[in-house]
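Scroll down for the structure; my scribbles are underneath it.
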Amino acid sequence: AFVGLDKIIQDRIGKRSMGFGKELRSKEIDATTEVLEQVQPEDLIKYGLIPEFVGRLSVTAVLSELDVPTFIRRQMD
């Protein structure tokens, strides 16, 4: 829903790397989820949300993508 927010967070925490020193990841989704877990109100404001709205958010939560085996398992429960 918030396309590009992960790049703002990466710029803040300095986890962007490229070239020979780039960290290899098996799944891009996992990397994005790890970065989004570190979201701060300042990141949301830099993303473009109104500061008054961000101030009223008492809780921020990150949801990871639901894969097919987990989806099937949840349907069986």
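If you read the sequence from its start, that first residue is 1, and numbering goes on from there.
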Indicate yes or no for a side-chain donor-acceptor contact from Asp11 to the backbone of Ile8 under 3.5 Å, with no hydrogens or angles considered.
-> no
Hydrophobic cluster identity match, Phe53 and Val39, side-chain contacts under 4.5 Å = yes
Which atoms form the tightest heavy-atom contact between Asp43 and Gln38, and what is the distance?
-> OD2-O, 4.0 Å
Heavy-atom side-chain proximity of Thr60 to Leu44 below 4.5 angstrom = yes
So, Tyr47 side chain and Val3 main chain: donor-acceptor pair closer than 3.5 Å or not?
-> yes
If two hydrophobic side chains count as joined below 4.5 Å and joins carry through other members, does Leu66 share a cluster with Val68?
-> no
In terms of hydrophobic clusters joined by side-chain contacts under 4.5 Å, are Ile9 and Leu57 together?
-> yes
Taking every non-hydrogen atom, the tightest pair across Leu36 and Val62 = O-CG2, 3.2 Å
Write out all pairs satisfying salt bridge (Lys or Arg N to Asp or Glu O under 4.0 Å) with one or both partners inside residues 45-62, taking only residues at least two apart or from two chains.
-> none
